[in-house]
Amino acid sequence: MPEPIQPPLASDPVASPDATADEARTGEPAAPPEGPSRGQKARSWLRVLGIALLVALLLRALAFEAYRIPSSSMEGTLRVGDFLFVSKLHYGPRTPVTVGLPFTDRYLGGLRLPSLRLPGVAAPARGDVVVFNFPPQRGPVDRKEHYVKRLAGLPGDTVEVAAKRVLVNGAPLAVPPEARQLWRVRLLSDTLSPRAVLPEADLRGRPSRDEPVWLFEASAAEAEGLAFRPGVAEVTPYVRPPAGDGDGAFGGVRLDHFGPAVVPARGLTIRLDDRTWPLYRDVLDRFEGVTARRVAGGFEVDGALTDRYTFRQDYLFVIGDNRDDSADSRTWGFVPESHLVGKAVLVYFSWDAEEGRPRWERMLRGVE
């Protein structure tokens, strides 16, 4: 007769199906595995932060960078306090010329790297709003201040400003709809108060005391609306007389009359004479890497007497949308292609300093 199976005593360990070998052997639950140490956690976080910083630096150097608008030269396309995303991918990112501390102005002063522009997805086009390093400023290219203007003339174009109208190769350049300029408003009578007739207009004073004429800044649409106000005789663009603009190209404030001038292009040969020398003298001295001067017999380039020069790189002609309040290629000259940073594509934030509040209506607005 078979012996009955005895149930285990209470003191005998019974292993569950999921028990570990140690549990089965000792009868005690296994200790949970130890987590990562503080040092391991710190190294893991440092690795994550390092990768994030590297990605941010690469995006900043090769793809997109943020800039703030500090002046009114692009009003009202861009406003003071706008923050821009600028695409470096459009025209091709530049490799750094200097080595410095990221997100600061500190860099190794004596070290210069060869500059190289990587391929871009598009070529610069007339009408683009572009960001570039300010050419007249001294120092390494990538350490110069950033300026933003509208691209008016491409390499090889002939640019002229005639009575405020910008002509490119003989055709007028379209004025952006939100661009601002000075207008001349003539009232029906000198006894009328301009503040009463135009209370909201940005009046700038009187160009003449002999007639009831005032200046104000506005867009074309705003000026057209004010022309129908009671008491207004006419509204016309304010054009400075050529004699009051200064002598010589880039030699004075020539905002309403300039040129015609050919924008330098790689491989373009120009004749050096009394008319072209003021236009291109600074280009040759500062950006073409040659020594050029005027001598008794004409002109000397790198020690050789000559009356011609062939450019080594492309240049651009830029102008502000607020054409009466903009220092641009009309006053300080051409932008070398090496100074081009990228295309302004988006206003991601805007701050109104006078009101002390964000301009919500300008958030995430494309730049045109």
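The figures here come from the full heavy-atom set of this structure, side chains too, leaving out hydrogens, waters and symmetry mates. We're numbering straight along the sequence, starting at 1.
To the nearest 0.5 Å, the span separating CH2 on W351 from CZ on R79 amounts to 14.0 Å. Here the NZ atom belonging to K149 is positioned 12.0 Å from the OG1 atom belonging to T77, to the nearest 0.5 angstrom. Going from atom CG of L316 over to atom CG of D314 covers 7.5 Å, rounded to the nearest 0.5 Å. A distance of 9.5 Å separates CZ of R68 from OG of S71, quoted to the nearest 0.5 Å. Separating the CD1 atom in I319 from the CG atom in L151 is a distance of 11.0 Å, to the nearest 0.5 Å. Distance check, rounded to the nearest 0.5 Å: OG1 of T291 to CG of L284 gives 10.0 Å.
Between the side chains of T98 and R143, at least one donor N or O sits under 3.5 Å from an acceptor N or O. For the 3.5 Å distance criterion, the side chains of Y315 and E288 qualify, holding a donor opposite an acceptor. Side-chain atoms of Y91 and D128 form a donor-acceptor pair, as typed in the model, at a separation below 3.5 Å.
Clustering ILVMFWY residues whenever any of their side-chain heavy atoms sit less than 4.5 angstrom apart, transitively, puts L268 in the very cluster that holds V301. Under the 4.5 Å side-chain contact rule for hydrophobic residues, V197 and F216 share a cluster. Taking hydrophobic clusters as Ile, Leu, Val, Met, Phe, Trp and Tyr residues chained together by side-chain heavy-atom distances below 4.5 Å, W214 does not share a cluster with L182. No path of Ile, Leu, Val, Met, Phe, Trp and Tyr side chains, each step under 4.5 Å between heavy atoms, connects F228 with V185, placing them in separate hydrophobic clusters. A continuous path of ILVMFWY side-chain contacts below 4.5 Å connects L187 to V235, so both sit in one hydrophobic cluster.
For CD of E361, the number of neighbouring non-hydrogen atoms (other residues, nucleotides, ligands) closer than 6.0 Å is greater than 12. Other residues, nucleotides and ligands place no more than 12 heavy atoms under 6.0 Å from the CD atom of E224. Enclosure of atom CZ in R293 is not indicated, since only 12 or fewer non-hydrogen atoms of other residues, nucleotides or ligands lie within 6.0 angstrom. By the 6.0 Å contact criterion, CD on E368 is open, its count of non-hydrogen atoms from other residues, nucleotides or ligands being 12 or less. Around atom CZ of R138, no more than 12 heavy atoms belonging to other residues, nucleotides or ligands sit under 6.0 Å away. Other residues, nucleotides and ligands contribute only 12 or fewer heavy atoms inside 6.0 Å of the CZ atom of R165.
For the pair W183 and L215, the minimum side-chain heavy-atom distance is 4.5 Å or more. F258 is not listed as a side-chain neighbour of E160, based on a closest heavy-atom distance of 4.5 Å or more. You'll find the side chain of D325 stays beyond 4.5 Å of the side chain of S73, heavy atoms only. Annotation: side chain of V263 is not in contact with side chain of L154 (no heavy-atom distance under 4.5 Å). Looking at heavy atoms from C-beta onward, V130 lies out of side-chain contact with V148 at the 4.5 angstrom threshold. Within the 4.5 Å cutoff, the side chain of I69 has no heavy atoms near those of the M74 side chain. Contact of the E75 side chain with the S326 side chain is not registered, since no non-hydrogen atoms from C-beta on lie closer than 4.5 Å. Looking at heavy atoms from C-beta onward, L167 lies out of side-chain contact with L173 at the 4.5 angstrom threshold.
Nearest heavy-atom pair, F132 versus L340, reported as atom, atom and distance to 0.1 Å: CB-CA, 4.1 Å. Of all heavy-atom pairs spanning V159 and G153, the tightest one is CG2-CA, 3.9 Å. Looking at every heavy atom in both residues, S87 comes nearest to V345 through CB-CG1, 4.0 Å. L346 and V367 make their closest contact through N-CG2, 3.7 Å (heavy atoms, listed as atom of the first residue, atom of the second, distance). R180 and E222 get closest at one heavy-atom pair: NH1-OE1, 3.0 Å. Contact between S338 and Q313 at its shortest, heavy atoms only, is N-OE1, 3.5 Å.
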**Message:** Evaluate V168 against T158 for side chain to side chain contact (heavy atoms under 4.5 Å, CB included), listing each step before the verdict.
**Reply:** CA-CA 6 Å; V168 181; T158 299; over 6 Å; no
**Request:** Mind running side chain to side chain contact (heavy atoms under 4.5 Å, CB included) on D273 and D307 for me, showing each step along the way?
**Result:** CA-CA 7 Å; D273 53 31; D307 64 349; over 6 Å; no
**Item:** Working for side chain to side chain contact (heavy atoms under 4.5 Å, CB included), residues D157 and V262
**Value:** CA-CA 6 Å; D157 282 348; V262 177; over 6 Å; no
**Message:** Apply side chain to side chain contact (heavy atoms under 4.5 Å, CB included) to residues L255 and V161 and explain how you reach the verdict.
**Reply:** CA-CA 8 Å; L255 299 181; V161 180; over 6 Å; no
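Looking at Y309, W277, Y280 one by one, the single match for ring pair (Phe, Tyr, Trp, His ring centres under 6.0 Å) with F299 turns out to be W277.
Note on D328 versus R323: no salt bridge recorded, every NZ/NE/NH1/NH2 to OD/OE distance being 4.0 Å or above. Under 4.0 Å is where a charged nitrogen must lie from a carboxylate oxygen, and between D82 and R359 at least one such pair does. Salt bridge E300/R294: absent, no basic N to carboxylate O contact under 4.0 Å. Under a 4.0 Å N-O distance rule, the pair R184/E217 does not qualify as a salt bridge. Look at R150 and D321 and you find a salt bridge, because one of the NZ, NE, NH1 or NH2 atoms lies within 4.0 Å of a carboxylate O, short of that distance. Contact check on D142 versus R94 returns no salt bridge, with no Lys/Arg side-chain nitrogen under 4.0 Å from an Asp/Glu carboxylate oxygen. Note on K164 versus D324: salt bridge recorded, some NZ/NE/NH1/NH2 to OD/OE distance being below 4.0 Å.
Looking only at distances, a side-chain donor or acceptor of R117 sits under 3.5 Å from a matching main-chain atom of G92. A donor-acceptor contact shorter than 3.5 Å is absent between the side chain of S329 and the backbone of F317. No side-chain donor-acceptor contact under 3.5 Å links R365 to the backbone of Y348. The main-chain N or O of N133 is never found under 3.5 Å from a side-chain atom of K144 such that the two would form a donor-acceptor pair. Side-chain atoms of N322 come within 3.5 Å of backbone N or O of S72 as a donor-acceptor pair.
For an aromatic pair to be called close, the ring centres must be under 6.0 Å apart, and F134 with W332 satisfies this. Note: H339 and F287 meet the aromatic proximity criterion, with ring centroids under 6.0 Å apart.
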